[in-house]
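Report on the following structure.
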Protein chains: 2
Amino acid sequence: MIRVAIAEDHQSLIDGINLLLKYEEDISVVGMVNDGEALVNLVNLKQPHVVLTDIKMPKMDGITACKYILKERPHTKVIAFTMFEDQGAVSEMIAAGAKGYLLKNSPLEDVLTAIKEVHKGGTFFDKTIDVEAASNPSGQGAKKSLLSKSEREILRLIGEGKSSSEIAEIRFNSVSTIEKHRKNMIRKLGLSGKGELLRYALETKYNFES
Amino acid sequence: MIRVAIAEDHQSLIDGINLLLKYEEDISVVGMVNDGEALVNLVNLKQPHVVLTDIKMPKMDGITACKYILKERPHTKVIAFTMFEDQGAVSEMIAAGAKGYLLKNSPLEDVLTAIKEVHKGGTFFDKTIDVEAASNPSGQGAKKSLLSKSEREILRLIGEGKSSSEIAEIRFNSVSTIEKHRKNMIRKLGLSGKGELLRYALETKYNFES
DNA sequence: AAAAACATACCCGTTAGGGGGTATTTTTTT
DNA sequence: AAAAAAATACCCCCTAACGGGTATGTTTTT
């Protein structure tokens with residue numbers, strides 16, 4: 001019997017997955033939650049074999065939750081289930097230790113296949129994902145984790161609507177430092193215009209709202 | 001037998017809805033599509049009684065699709081199914097003639113209830129929605145349609161990443177006109193900073209990407 | 001017909017963000 | 001120990017996007 005936990009902020013989708021798994025003899029859903037913090041608690045409590053988690057969720061995103069889970073219970077198999085067909089998100093998820101990556105525009109059957117596959121010790125990634133490029137960050141052609149720690153933090157603050165001077169205050173930096181980081185990010189990411197960085201922050205980052 | 005069409009860009013959610021409706025004797029799903037244009041075609045072809053549609057979809061958003069559908073086939077019952085818990089979106093959808101409004105974080109059972117209800121000639125709106133405020137735009141406390149036609153179009157272009165000068169070229173206006181509209185919108189919407197308008201455009205508009 | 005809202009377009013001035021540099025210190029990787 | 005990457009901070013210069021006005025013609029509403 002495979003014990004499965006699900007984290008996803010759209011209840012309707014959880015219900016759909018449940019309908020699918022209900023008729024599977026060898027799978028039992030041990031819990032369903034709507035945010036990342038609740039997921040971490042649930043895993044510690046119920047100790048599922050497989051975790052299916054969204055990335056963009058309230059309170060804690062799925063990548064962070066994955067790290068917490070695998071630190072506590074390293075044998076848990078984590079599968080990402082998200083709408084981000086984004087190389088960066090895939091890389092981060094793989095780096096965090098995920099064993100699978102599903103897209104919401106794929107058929108629901110894939111969920112079943114993926115759960116069984118990772119439980120057997122394998123992996124399951126959506127066909128559209130280039131696992132090679134995402135998992136080996138050393139390759140020349142890869143855009144990889146591109147941004148450094150500071151840069152990512154600053155990007156997050158940009159996504160929260162902060163100005164450079166506000167960010168400078170928060171991080172105890174000078175304004176020019178923040179602006180330097182902005183410029184470096186724009187160059188690294190190959191962006192052009194003014195609002196582009198904000199657009200990028202809003203569209204890419206998985207953890208805003210609530 | 002209630003004939004239902006579904007439009008939704010996440011295949012997994014469609015599959016979930018299908019699992020739910022499959023066991024209903026009096027409901028048959030006549031088609032499922034992943035974008036707004038395909039929905040309009042599907043409705044003309046299969047003439048369903050009830051249409052369940054997402055708002056944010058590729059090619060054409062659900063609000064526009066709803067208008068097209070009801071122009072051609074006024075007796076079709078349209079239900080919005082979306083993650084936007086947004087007064088403006090609800091208002092626009094009601095104005096377009098929708099008979100129901102569901103949220104994706106609600107239980108999937110609601111879909112079933114809503115389909116049956118609207119088919120009987122009724123309406124079904126999620127409990128969290130203030131139908132009164134949304135359907136009568138005259139009320140004093142409502143923020144209503146606030147923005148004028150030109151302003152909305154400019155806001156859409158801002159959401160697409162266009163600069164003021166680019167927008168000016170597209171609309172054959174002077175740059176100062178576009179900037180004037182920007183300022184008026186910022187004032188009307190009570191926004192402050194630089195990126196705020198872009199944030200608003202990205203977060204509010206339902207029809208970007210693809 | 002009068003009033004209100006909208007669309008157009010200009011003025012002046014300020015500033016945050018960005019393009020393109022350089023430099024120093026710390027951390028990480030090799 | 002040496003090299004590379006990251007973090008800090010400054011320089012100059014330029015422009016888009018503001019804030020806050022005014023003005024004029026066109027719709028729309030009352």
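The sequence lines fix the lettering, A, B, ..., with proteins before strands; numbering per chain opens at 1. FYI, side chains are in, hydrogens and waters are out, and symmetry mates aren't considered; it's all heavy atoms of this structure.
Once rounded to the nearest 0.5 Å, the distance linking CD1 of I167(A) with CG of L157(A) reads 5.0 Å. For the atom pair T123(A) OG1 and K77(A) NZ, the distance stands at 10.5 Å (nearest 0.5 Å). For the atom pair CD of Q47(A) and NE2 of H75(A), the computed distance is 12.0 Å after rounding to the nearest 0.5 Å.
Spacing between atom CG of L189(A) and atom P of dG19(C) amounts to 12 Å, rounded to whole angstrom units. Atom CG of L198(A) and atom P of dG18(C) are 9 Å apart (whole Å). For K149(A) and dT27(C), the NZ to C1' distance is 11 Å, given to the nearest whole Å. In this structure, L155(B) places its CG atom 17 Å from C1' of dC6(C), rounding to the nearest Å. Atom CG of N184(A) is separated from atom P of dG18(C) by 12 Å (rounded to the nearest Å). Whole-Å rounding puts the E179(B) CD to dT22(D) P distance at 19 Å. We find that CD1 of I178(A) is positioned 14 Å from C1' of dA6(D), with the value rounded to whole Å. Across the protein-nucleic acid pair, L157(A) atom CG and dG17(C) atom P stand 13 Å apart, rounded to whole Å.
Side-chain atoms of K183(A) stay outside donor-acceptor range of the base of dG17(C), with no qualifying N/O pair under 3.5 Å.
Applying the 4.0 Å criterion to OP1 and OP2 of dG19(D), one finds that R187(B) has every side-chain N and O outside that range.
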Short N/O separations, protein against nucleotides 26-30 of chain D, under 3.5 angstrom:
none

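Within the 4.0 angstrom heavy-atom criterion, base atoms lie near K180(B). Contact annotation for I186(B): backbone-only contact, meaning every heavy-atom pair under 4.0 Å involves sugar-phosphate atoms and none involves a base. Within the 4.0 angstrom heavy-atom criterion, base atoms lie near S176(A). Among the atoms of the strands shown, base atoms are found under 4.0 Å from some heavy atom of T177(B).
K104(B) is listed as a side-chain neighbour of D54(B), based on a closest heavy-atom distance under 4.5 Å. Side-chain contact check for I79(A) versus V111(A): every heavy-atom pair is 4.5 Å or farther apart.
For DNA chain C, the residues of residues 164-175 of chain A within the heavy-atom distance limit of 4.0 Å (strictly under) are S164(A), sorted by number.
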With side-chain contact (heavy atoms from CB on, under 4.5 Å) as the criterion, how do R199(B) and L191(B) come out once you've worked through the C-alpha distance, each side chain's angles and the decisive distance to 0.1 Å?
CA-CA 10 Å; R199(B) 293 173 61 73; L191(B) 303 175; over 6 Å; no
Steps toward side-chain contact (heavy atoms from CB on, under 4.5 Å) verdict (L197(A), L155(A)):
CA-CA 8 Å; L197(A) 199 57; L155(A) 187 63; 4.0 Å; yes
For the pair T128(A) and L103(A), evaluate side-chain contact (heavy atoms from CB on, under 4.5 Å) and give the outcome as yes or no after the intermediate values.
CA-CA 9 Å; T128(A) 62; L103(A) 296 179; 3.4 Å; yes
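When only modelled atom types and interatomic distance are considered, S174(A) and S176(A) share a side-chain donor-acceptor pair under 3.5 Å. Q11(A) and D15(A) are linked by a side-chain donor-acceptor pair at a separation below 3.5 angstrom, with hydrogens and angles left out of the test.
Checking dG18(C), dA7(D), dT8(C) against the side-chain heavy atoms of R182(A) singles out dG18(C) as nearest. Closest contact between the side chain of K188(B) and the listed nucleotides dA7(C), dC6(C), dT8(D) involves dC6(C).
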